[in-house]
Structure formats: C-alpha cells, structure tokens
Participant: 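Before we start, here is the structure in question, set down as structure tokens.
As the structure is a prediction and not an experimental result, all values here were calculated from the model.
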Amino acid sequence: PSPYRVAMCVGKCSRIVGPCLLALGTLSVAANILLLFPGGTAKYLVEGHISKDAKVMAGVWGGGITVSTVVCTTSLLTCLWSRDKGTGQVAALPPCPLPASAQLENTHLGAAACFVLSGVGLTNGPLCFYNASEHGRGHGTLWGYPFLDASGQESEARAENYLYDRSAWSICLEPAGVVAWNAVFF
C-alpha cells in the first residue's frame, strides 16, 4: 500500500482509539489520586500514612500523562501529515518524522509500568493501622503492611487471605475500608 493510504488508515484509527485512550488515561489519573485519599479524607495523606505504592503515582505518570501525551501527539501529527490544508485531501508529504509505531511504544511502556506497579500495590496490600499482637505479628497496634508482614505464611496463602477472604480485611482498623479502597483503585 502507498504511504498515503497508510497515513489515512492511521488517521481513521486514531480518531477512534485516541479518545478511548484519553478516557482511560483520565480514569487512571483519577484512580491514582483517589488512592492518596483513603475514605475520601486528606487526613492520612497529611499524616504520611499512605501506601508507598500509591505515592509512586504510576497511574498519573504511566497510565495518564504518558498515554495522554502520546495519544495527543500522535493524533495531531497524523492529522497534520495526512491532510492537505483547507482541502481535506491526502497530501503528498514526506513520511511523518515521528512514526505512530514509535509513539505507541511509549504508550505501551507507560501503561505497562502502571499495570505492573498497580499489581505490586495489590500484592503488598494497604498501609494501615492494625493490631499486630492480635494476629501473632508483634505487640500492640502499629502502622504497617499487615498482609505483606505476614512472613509466616506462604505467598499463596497470604494472597488468598488478603484478596479472596473478605473477613481478613478487618485486620486494618484505620483508615476505615482501606483494603477495599486499595483493591478498587489499584
């Protein structure tokens, strides 16, 4: 196929995929920002009791900024390089200096980083105030990662207790509902 036909195809595709990726990037940013405010309150952010995985903000830079920037750049370049000004016809221009495939690689890297770091956040579990002595993990109440600190359990049992056994979620005393909050937004 001629390069002009390819450019036109990329233009049509970017008009469909672009807005979808922008919407998903926006949702990624919103979800990551909400992770910083467990229970919808700023109290824990101010006190520094936010999960280290949420502080990385992979949803903002990986899923949001990287994806949105690449989508906007690719859409703009596709539009500029595939249409003649004023006529709407395919122009006889040289190939685009920033091919869409190279731009999409950046999108994939940002999205992959967001995906992996969100998985790490789910695996580690939330930072919460919990009673360590009640669960045989020390003495008294403390801020920590109770599902990660469960060193006596195998990783499969720990994951099952944390992600699939909702009764285990009650180990976190504060912030209220932090386990569900993290599971939903990661």
Participant: Rounded to the nearest 0.5 Å, what's the gap from CG on Leu148 to CG on Asn124? Could you check?
Facilitator: 5.0 Å

Participant: Same cluster or not: are Met57 and Val116 linked, directly or through other Ile, Leu, Val, Met, Phe, Trp or Tyr residues, by side-chain heavy atoms under 4.5 angstrom apart?
Facilitator: no

Participant: Are Val120 and Phe186 connected in the hydrophobic side-chain network, where two residues link if heavy atoms are under 4.5 Å apart?
Facilitator: no

Participant: Would you say that Leu109 contacts Thr66 through its side chain, given a criterion of any heavy-atom pair below 4.5 Å between the two side chains?
Facilitator: no

Participant: What is the minimum heavy-atom distance between Leu36 and Ile50, and which atoms define it?
Facilitator: O-CD1, 3.2 Å

Participant: Identify the two heavy atoms, one from Trp169 and one from Ala180, that lie closest to each other, and give their separation to 0.1 Å.
Facilitator: CZ3-CB, 3.8 Å

Participant: Are side-chain heavy atoms of Phe37 and Leu45 found at a separation under 4.5 Å?
Facilitator: yes

Participant: According to a hydrophobic-cluster definition based on side-chain heavy atoms being under 4.5 Å apart (Ile, Leu, Val, Met, Phe, Trp, Tyr only), do Leu34 and Val46 belong together?
Facilitator: no

Participant: Output all residues satisfying ring pair (Phe, Tyr, Trp, His ring centres under 6.0 Å) with Trp61, sequence neighbours left out; order by chain, then residue number.
Facilitator: none

Participant: Work out which heavy atom in Pro38 is nearest to a heavy atom in Leu35; give both atom names and the distance.
Facilitator: CD-O, 3.9 Å

Participant: With no hydrogens and no angle check, is any side-chain donor or acceptor of Ser118 less than 3.5 Å from a backbone partner on Phe115?
Facilitator: no

Participant: Residues in ring pair (Phe, Tyr, Trp, His ring centres under 6.0 Å) with Phe129, at least two apart?
Facilitator: Trp143

Participant: Sorted by first residue and then second, give each side chain to side chain donor-acceptor pair (under 3.5 Å) pair with at least one member in residues 21-34; sequence neighbours left out.
Facilitator: none

Participant: Please report the closest heavy-atom contact between Phe147 and Cys172, naming both atoms and the distance.
Facilitator: CE1-SG, 4.2 Å

Participant: Report the residues that fulfil side chain to side chain contact (heavy atoms under 4.5 Å, CB included) with Leu22, sequence neighbours left out, ordered by chain and then residue number.
Facilitator: Ser68, Val71, Cys72

Participant: For Val29, give me all partners under side chain to side chain contact (heavy atoms under 4.5 Å, CB included), at least two apart in sequence or on another chain.
Facilitator: Ile33, Val60

Participant: Is it possible for you to say whether Leu24 and Leu117 belong to one hydrophobic cluster, with membership spreading through side-chain heavy-atom contacts below 4.5 Å?
Facilitator: no

Participant: Ala183 and Leu122: which non-hydrogen atoms are nearest, and at how many Å?
Facilitator: CA-CD2, 3.7 Å

Participant: Going by the rule ring pair (Phe, Tyr, Trp, His ring centres under 6.0 Å), which residues pair with Tyr44 if we only count those two or more places apart in sequence or in a different chain?
Facilitator: none

Participant: Might you point out which heavy atoms bring Tyr145 and Tyr130 nearest each other, and give the distance in Å?
Facilitator: N-CE2, 4.2 Å

Participant: Mind jotting down which residue pairs meet the salt bridge (charged side-chain N to carboxylate O under 4.0 Å, His left out) criterion with at least one end in residues 43-71? Sequence neighbours excluded, please.
Facilitator: Lys43-Glu174

Participant: So, using disulfide bond (SG atoms under 2.5 Å apart) as the criterion, who are the partners of Cys114 when residues are at least two apart?
Facilitator: none

